Protein chains: 2
Amino acid sequence: MTVTSVHDPSHREALWELEDAFERGDLISVFGRCTVAYEGRAASDLGIGDRLLVLKPDGAALVHTDEGRQPVNWQPPGSEHRAAVREGRLRVRSTRTNPDETLTVRFERVHQLSAMAVTGGRDLTLHGSEEDLRTRILERPDLIEPGFEPTATERPSSAGPMDIFGVDADGTPVVVELKRRRVGPDAVGQLARYVRALREELGATAEERGDGGDDGGNGDDGGDGDDGDDGDDGDDSGSDAARDDPSPAVRGILVAPSITGRAAERLADRGFDHVALEPTPED
Amino acid sequence: MTVTSVHDPSHREALWELEDAFERGDLISVFGRCTVAYEGRAASDLGIGDRLLVLKPDGAALVHTDEGRQPVNWQPPGSEHRAAVREGRLRVRSTRTNPDETLTVRFERVHQLSAMAVTGGRDLTLHGSEEDLRTRILERPDLIEPGFEPTATERPSSAGPMDIFGVDADGTPVVVELKRRRVGPDAVGQLARYVRALREELGATAEERGDGGDDGGNGDDGGDGDDGDDGDDGDDSGSDAARDDPSPAVRGILVAPSITGRAAERLADRGFDHVALEPTPED
DNA sequence: ACTTGAATATCGTGC
DNA sequence: GCACGATGTTCAAGT
């Protein structure tokens, strides 16, 4: 039998079953009326009530109520489970170190305890990720725009690896930033950093192209333009003329299913483009 | 009886119990051998294996394996659960809209099904949050430094609401940014945005205050003064002169239990201070 | 071990 | 409903 199960056990009975299940490495589910106390990175106390306690052989512990996706209390994998009967009640305690954390569940009454030996079934395949989006574009670059040609993925730069690098129909370098779902202004900042990094890297070329790559205003401190900040502080308009250049040396394209209004504003400010595209084709 | 439980039920038997439990608004736990398919914001498929399915009356659904704190598949609250027997197997499906998402669990075999009517016990008290840290400082402002006086919390600015705003012993405006745990450079950037916004707002006043009054230091180790700036954000380069002013019109203080080395460098670059403080007093 | 960044993040709050 | 920030975020990957 792969599953053991007891209904309305005594505390001592529940303890025996728990210890056996620990020994076998079972996945355990306990329904019962209990209090919960946690102390570690923070601290919390939960009064008496009906809850579901899940104990995993890898050390994870979860306390669920009847609401919410998140457990009301938990312990991450790597913790150690112990059970005991104290003051006539079943007490389950899960501890770990680094940081030191303790989760204690005290059962006033155990309604149902089940344990199952789990085998196999770890082959999860996830689709619709950012990688799918990249694959889709590499197979059909015209989804970005006619004439676009990808030349590298994860191309390194001083601002980190960029998702897709390529050239457009005019031979202008293009940085493509991929997001698998609707994005806000932060994604525009990320794209701006890559573009700036590439403009600096290709600076000489830009000069030759006669497009006046750098504005004369702050030419002295040449690496420190203020438009590439990560956060959302770039709201001051008109701080640079270069971004309004009609033919910038490097283009930026943000690929995402949709973008927020604020993000659209920033894209326009910087002269970047948005291409609406889903990780997988719509039905 | 508040708990119903069936061991090794037939698929039809399991269906009856499930539908009854849905009707009663029970918290449900199902052990069984199953496949899982999800389609929505992403898509995934999970081959056959032993898992624990948790169904909540608020619409949440969780599929847990024997590993990890996170469910391998799930559906958030607000979804609708339905059960049926198809092709001789129990099928549980949870759907929601906006976005459209579907989670389907097909049981080859149900080992154990339990359902419990949950009552009460929603009074969770959590300690050690950022709000605790704010409360602690407002009650004892001298923890920041002698003479510090908070004047507002969540004070608005063009960069968003700042955690605590106040004045130091010299009457200089102070922006305090709170973090409940160890922080990296991003927190310094956040603080810098607030300080810059306030400096702009109070610009005229700052010009007049050009006296030589300097802070007495707060006794912690002074940051090294190296200028090895990597310039990957440079968020306040616009007001360049103000940064090096020995008596800036606005001070910035980052309150956190500890900070990373890179964050310390940036703090020093911008002339900000760090105060080491926990959300709750150490024992 | 520390740091960085993504997630089907989730969850609250404010607009 | 949308956007933004905090979370005992968790988690994987890179350094």
Side-chain angles (χ1 to χ4, degrees), chain A residues 37-44 60-63 67-79 96 98-103 124 126-132 154 156 160-161 163 178-187 190 230-232 258-263 279-280, chain B residues 36-44 60-63 67-79 94 96 98-103 124 126-134 154 156 159-163 177-187 190 232 257-263 279-280:
Chain A
Y38 157 75
E39 183 154 347
R41 286 170 290 179
S44 72
L62 311 168
V63 179
E67 285 184 346
R69 209 222 50 133
Q70 296 289 108
V72 65
N73 277 115
W74 71 92
Q75 198 70 289
S79 310
R96 73 157 178 165
N98 204 291
D100 282 346
E101 292 184 298
T102 302
L103 178 71
L124 176 70
L126 179 64
H127 323 289
S129 64
E130 189 173 297
E131 187 175 340
D132 290 310
E154 301 297 328
D163 288 335
L178 305 179
K179 293 297 173 186
R180 57 177 305 284
R181 64 169 199 160
R182 181 179 175 84
V183 297
D186 51 339
Q190 190 176 352
D230 59 42
D232 38 359
S258 65
I259 63 177
T260 67
R262 181 71 74 180
T280 54
Chain B
V36 184
Y38 157 75
E39 182 155 344
R41 286 169 289 180
S44 74
L62 311 168
V63 179
E67 287 184 345
R69 206 216 58 125
Q70 296 290 107
V72 65
N73 276 115
W74 71 92
Q75 197 70 287
S79 312
S94 179
R96 74 156 176 164
N98 205 296
D100 281 347
E101 290 184 302
T102 303
L103 178 70
L124 176 71
L126 177 65
H127 325 287
S129 64
E130 188 175 299
E131 186 175 339
D132 289 314
L133 181 56
R134 175 168 48 208
E154 302 296 330
M162 42 192 77
D163 288 336
E177 172 66 23
L178 306 178
K179 292 295 173 187
R180 57 177 306 286
R181 63 171 198 160
R182 180 177 176 86
V183 297
D186 51 340
Q190 189 176 353
D232 64 344
S258 67
I259 63 178
T260 67
R262 181 72 72 180
T280 54

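What you see is a predicted model; the values in this text were computed from it and never measured. Just so it is clear: chains get the letters A, B, ... in the order the sequence lines come, proteins before strands, and each one is counted from 1. Just so you know, these numbers use all the heavy atoms, side chains as well, and skip hydrogens, waters and symmetry mates.
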### Task
Measure the distance from OH on B:Y38 to C1' on C:dA9 and round it to the nearest whole Å.
11 Å
### Message
Given D:dC2, D:dA3, C:dT3, identify the nucleotide with an atom nearest to the side chain of A:T260.
### Response
D:dA3
### 5′-ward residue of the pair A:S129/B:P76 relative to DNA chain C
A:S129
### Query
Out of D:dG8, C:dT8, D:dC2, which nucleotide sits closest to the side chain of B:E101?
C:dT8
### Task
Quick one: pull up CG in B:L133 and CZ in B:R181 and give me the separation to the nearest 0.5 Å.
14.0 Å
#### Entry: Spacing between A:K179 atom NZ and C:dA9 atom C1', to the nearest angstrom
14 Å
### Query
When the C1' atoms of C:dA9 and C:dG5 are considered, how many whole Å apart are they?
13 Å
### Query
Under 4.0 Å: is that the gap between some side-chain N or O of A:W74 and OP1 or OP2 of D:dT9?
no
### Message
Is B:R96 close enough to C:dT8 that one of its side-chain N or O atoms is under 4.0 Å from OP1 or OP2 there?
### Response
no
#### Entry: 5' precedence on DNA chain D between A:N73 and B:G68 (nearest-nucleotide basis)
A:N73
### Task
Ignoring the backbone of B:R41, work out which of D:dC2, C:dT10, C:dA6 is nearest its side chain.
C:dT10
### Summary
When rounded to whole Å, the CG to C1' distance for the pair A:D132 and C:dA7 reads 15 Å
### Message
Just checking B:E131: does its CD atom have more than 12 heavy atoms from other residues, nucleotides or ligands closer to it than 6.0 angstrom?
### Response
no
### Message
Rounding to an integer number of Å, can you tell me how far A:E154 CD sits from C:dG5 P?
### Response
13 Å
### Task
Scan A:P161 against the nucleic acid and name what it touches under 4.0 Å (heavy atoms): base, sugar-phosphate only, or nothing.
nothing
### Query
When you measure from the side chain of B:R180 to the backbone N and O of B:G128, does any donor-acceptor pair fall under 3.5 Å?
yes
### Task
Give the rounded distance in Å between these two atoms: CD of A:Q70 and C1' of D:dA6.
13 Å
### Query
With respect to the side chain of A:Q75, which nucleotide from D:dG8, D:dT9, C:dT3 is positioned closest?
D:dG8
### Query
Nearest nucleotide by nearest heavy atom, which residue falls closer to the 5' end of DNA chain D, A:I259 or A:L103?
A:I259
### C:dA6 and D:dG8, which share atom name P, separated by this distance in whole Å
22 Å
#### Entry: Side-chain N,O (B:R69) to OP1/OP2 (D:dT7) below 4.0 Å
no
### Query
Which part of the nucleic acid, if any, lies within reach of A:P71 when heavy atoms closer than 4.0 Å are counted: base, sugar-phosphate only, or nothing?
nothing
### Query
Hey, is the side chain of A:R182 poking within less than 4.0 Å of OP1 or OP2 on D:dA3, counting only N and O atoms?
yes
### Beyond-backbone contact of A:L124 with B:V36, side-chain heavy atoms, under 4.5 angstrom
no
### Query
Distance-only, no hydrogens or angles: does the B:R262 side chain make a donor-acceptor pair with backbone N or O of B:G184 under 3.5 Å?
no
### Task
Grab the CD-C1' distance between A:E67 and C:dT10 for me, whole Å please.
15 Å
#### Entry: Spacing of B:L126 atom CG relative to C:dC11 atom P, expressed in whole Å
15 Å
### Message
Which residue is it: A:P71, A:S79, A:P77? I am looking for the one with a side-chain contact (heavy atoms from CB on, under 4.5 Å) to A:Q75.
### Response
A:S79
### Query
Once you round it to whole Å, what is the distance between P of D:dG5 and CD of B:E130?
12 Å
